[in-house]
Colleague: 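First the structure, which I've put down as structure tokens, then a few questions once you've had a look.
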Amino acid sequence: MPSPSLRAVLVDSDASSRAAIRRLLTDIPTVTVAGEWHTVADALVGAPATRPDLLIVEVPAEADGGALGVTGIEQLVRKLPDTAILATGGRLSGDLVIRVLRAGALEYLARPVQRPDLVAALEKLARFRGTTTPRPAGRITSIYSPKGGLGATTLAANLSVLIAERNGGKTLLIELDTRQSDVVTFLDLTPRYSILDVLESCHRMDESLLRGLLTRHASGLSIAPGPTRHERAHLAAEEVTAALQTLSSHFDEVFIDLKHDLAPETVAALEVSDVILFVTGLDVASLRAGAAALTSFRHLGLDSRKVRIVVTRDRSGDDVTVKHARETLGLPVYWRTPSDYRTVVAAINAGRPVVSLSPRTKVSKSIRELAAKLCGDSAKGSGPKRRAASLLSMAWPIKRLSGA
């Protein structure tokens with residue numbers, strides 16, 4: 001008879017709680033309890049010899065602000081990096097649960113642990129450890145402008161809101177910047193976390209942690225905004241690439257509002273993007289900046305087939321025309337949005353997307369049509385195909401269920 005495929009260890013100071021969890025595990029034929037310890041310190045000494053696949057660890061009450069429980073999980077992760085951790089405890093604050101998950105726990109289960117919750121957590125572990133094909137990665141669309149003041153953030157916010165409404169909320173907007181967030185103002189958000197927190201935690205990202213770190217808009221759009229104040233943090237290109245691959249495995253559409261310079265993190269985002277909406281204006285300064293940026297794209301090896309030229313604030317009849325833009329940039333103009341400064345500023349001041357506040361205006365209709373065109377392009381499969389990132393490879397290098 002084959003031995004059970006999942007070896008579990010209990011770390012809990014409460015004997016009755018350990019006994020209750022042990023009874024639940026005994027009823028699951030693919031799990032065996034390989035050891036029990038009262039404290040994390042004891043488990044750090046004794047658990048490695050049992051070669052556990054799973055640790056079920058008590059998180060003490062918040063008397064010390066939760067620091068003891070978080071530190072204990074961090075120590076166990078360092079000692080047993082190939083072992084998954086389920087944390088258990090009382091009704092903790094949302095902030096402490098996030099800290100516990102960021103420390104390395106796969107899931108947090110409220111006590112007394114209920115069988116359906118435990119089974120669901122074990123099923124999540126089985127999915128991570130199994131051999132099923134990963135979810136196809138969602139499309140990544142970057143919105144980039146080589147200079148400010150052209151409405152790139154307005155375009156990013158409104159497009160992502162519209163597409164979130166179309167696809168049931170499976171859309172993410174990322175503001176990849178360490179400067180004070182504009183998206184927060186445009187969409188009237190009060191975020192608890194920023195893109196910096198998401199990048200910091202992405203190597204152990206799962207659905208629970210992701211839901212806690214992202215901000216939700218009324219449209220169903222999920223948002224990883226820039227910080228609420230200017231930060232001096234450095235965004236590593238490798239970190240950005242890995243994070244975007246992981247995040248795209250959770251969403252059908254990912255929009256990125258980029259900085260105006262070609263910093264390493266910006267280039268990293270452009271490289272993994274399926275579509276680049278390149279925002280410019282019909283004026284000499286904008287076209288010169290755009291031409292210089294596209295030259296840099298070519299030197300960096302970025303695929304020009306991903307670039308879609310979007311002219312914002314189009315004032316037909318001015319001296320600089322779409323023909324001038326096409327000749328200067330060397331690419332066709334994909335879309336034009338009309339100039340409507342007053343309507344757009346009113347929407348920004350109200351903290352609402354212009355497509356929601358003033359849906360009948362020409363600018364709103366134009367952005368709505370652009371969203372429909374992008375969705376049509378996606379349905380035709382026009383974007384480059386990318387291999388879906390394995391969330392498991394980014395999170396826990398744990399052994400497969402079939403292994404000892």
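Sequential numbering from 1 along the given sequence is applied to the chain's residues. The structure presented is a predicted model; accordingly, all values stated were derived computationally and were not measured.
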Colleague: For R99 and V70, which heavy atoms make the closest approach, and how far apart are they?
Modeller: CB-CG2, 4.0 Å
Colleague: Which heavy atom in S286 sits nearest to a heavy atom in L150, and how many Å separate them?
Modeller: OG-CD2, 3.5 Å
Colleague: Hey, is the main chain of P52 close enough, under 3.5 Å, to the side chain of T83 for a donor-acceptor pair?
Modeller: yes
Colleague: Let me confirm one number: the CD1-CG distance from I348 to D182, rounded to the nearest 0.5 Å.
Modeller: 8.5 Å
Colleague: Measuring from I276:CD1 to Y334:OH, what's the distance to the nearest 0.5 Å?
Modeller: 13.5 Å
Colleague: Does the side chain to side chain contact (heavy atoms under 4.5 Å, CB included) test come out yes or no for L118 and L86, once each step is laid out?
Modeller: CA-CA 9 Å; L118 180 59; L86 299 181; 4.1 Å; yes
Colleague: Would you say V161 and L187 make side-chain contact, with heavy atoms under 4.5 Å?
Modeller: yes
Colleague: Closest approach of E175 and I195, non-hydrogen atoms and distance?
Modeller: O-CG2, 3.4 Å
Colleague: Quick one: does R102's side chain have a donor or acceptor within less than 3.5 Å of a partner on S201's backbone?
Modeller: no
Colleague: Looking at residues at least two apart in the chain, or sitting in another chain, which of them share a salt bridge (Lys or Arg N to Asp or Glu O under 4.0 Å) with R298?
Modeller: none
Colleague: Are side-chain heavy atoms of L262 and F297 found at a separation under 4.5 Å?
Modeller: yes
Colleague: What I'd like to find out is whether the side chain of P48 reaches to under 4.5 Å of the side chain of L80, using heavy atoms alone.
Modeller: yes
Colleague: Do S222 and H250 make a side-chain contact, defined as non-hydrogen atoms from C-beta onward lying under 4.5 Å apart?
Modeller: no
Colleague: Just by modelled atom types, is the G220 backbone N or O under 3.5 Å from a matching donor or acceptor in the R216 side chain?
Modeller: yes
Colleague: Determine the sole option in L172, I140, I163, L173 for which the side-chain contact (heavy atoms from CB on, under 4.5 Å) test with E253 is passed.
Modeller: I163
Colleague: Which atoms form the tightest heavy-atom contact between K365 and P359, and what is the distance?
Modeller: CG-O, 3.9 Å
Colleague: Tell me if a side-chain donor or acceptor on N349 pairs with a main-chain N or O of A346 at a distance below 3.5 Å.
Modeller: no
Colleague: Search all heavy atoms of Y144 against all heavy atoms of D261 and return the closest pair with its distance.
Modeller: CE1-O, 3.9 Å
Colleague: Can any side-chain N or O of S364 pair as donor or acceptor with the backbone N or O of R360 at less than 3.5 Å?
Modeller: no
Colleague: Would you say the side-chain atoms of D117 pair up with the backbone N or O of V113, donor to acceptor, closer than 3.5 Å?
Modeller: no
Colleague: Looking at V272, I174, T141, T171, which hits side-chain contact (heavy atoms from CB on, under 4.5 Å) with V254?
Modeller: I174
Colleague: Kindly compute the distance separating CZ (R229) from OG (S194), expressed to the nearest 0.5 Å.
Modeller: 9.5 Å
Colleague: State whether a side-chain donor-acceptor pair under 3.5 Å links S13 with E58.
Modeller: yes
Colleague: Applying side-chain contact (heavy atoms from CB on, under 4.5 Å) between L277 and each of I256, L374, L258, I309, report the one that passes.
Modeller: L374
Colleague: So I73 and V59, do their side chains get closer than 4.5 Å, heavy atoms only?
Modeller: yes
Colleague: Give a yes or no answer on whether the side chain of T246 reaches the backbone of A242 with a donor-acceptor pair at less than 3.5 Å.
Modeller: yes
Colleague: Strictly distance-based, threshold 3.5 Å: is any side-chain N or O of K306 a donor or acceptor partner for the main-chain N or O of S273?
Modeller: yes
Colleague: Under the side chain to side chain contact (heavy atoms under 4.5 Å, CB included) criterion, do L196 and L235 qualify, and how do the steps go?
Modeller: CA-CA 8 Å; L196 301 181; L235 303 182; 3.5 Å; yes
Colleague: For the OG1 atom of T215 and the OH atom of Y193, what is their distance to the nearest 0.5 Å?
Modeller: 10.0 Å
Colleague: With heavy-atom distances below 4.5 Å as the criterion, would you say the side chains of L54 and L122 are in contact?
Modeller: yes
Colleague: Donor-acceptor check, side chain of D53 to backbone of R7, threshold 3.5 angstrom: yes or no?
Modeller: yes
Colleague: Taking C-beta and beyond as the side chain, do R192 and I98 meet within less than 4.5 Å on heavy atoms?
Modeller: no
Colleague: For S181 and V183, which heavy atoms make the closest approach, and how far apart are they?
Modeller: OG-N, 3.3 Å
Colleague: Check for a donor-acceptor pair, side chain of E107 on one end and backbone N or O of A105 on the other, with a separation under 3.5 Å.
Modeller: no
Colleague: Once rounded to the nearest 0.5 Å, what's the spacing between atom OG of S142 and atom CG of L270?
Modeller: 5.0 Å
Colleague: To the closest 0.5 Å, what do you measure between CG (L221) and CZ (F251)?
Modeller: 8.5 Å
Colleague: Go through the steps for D283 and K147 under the test salt bridge (charged side-chain N to carboxylate O under 4.0 Å, His left out), then give the verdict.
Modeller: CA-CA 12 Å; D283 62 85; K147 65 187 295 291; 5.3 Å; no
Colleague: Would you check if there is a donor-acceptor pair between the side chains of D14 and S17 at a distance under 3.5 Å?
Modeller: no
Colleague: Before giving the answer on side chain to side chain contact (heavy atoms under 4.5 Å, CB included), spell out for T266 and L176 the whole-Å C-alpha distance, their side-chain angles and the decisive distance to 0.1 Å.
Modeller: CA-CA 8 Å; T266 302; L176 195 61; 5.6 Å; no
Colleague: P353 and side-chain contact (heavy atoms from CB on, under 4.5 Å): which single residue from I367, T154, N158 fits?
Modeller: N158
Colleague: Less than 4.5 Å apart, any side-chain heavy atom of L10 and any of L25?
Modeller: yes
Colleague: Before you tell me yes or no, could you show the steps for D188 and R352 under side chain to side chain contact (heavy atoms under 4.5 Å, CB included), namely the whole-Å CA-CA distance, both residues' side-chain angles and the distance that decides it to 0.1 Å?
Modeller: CA-CA 7 Å; D188 192 23; R352 294 182 60 189; over 6 Å; no
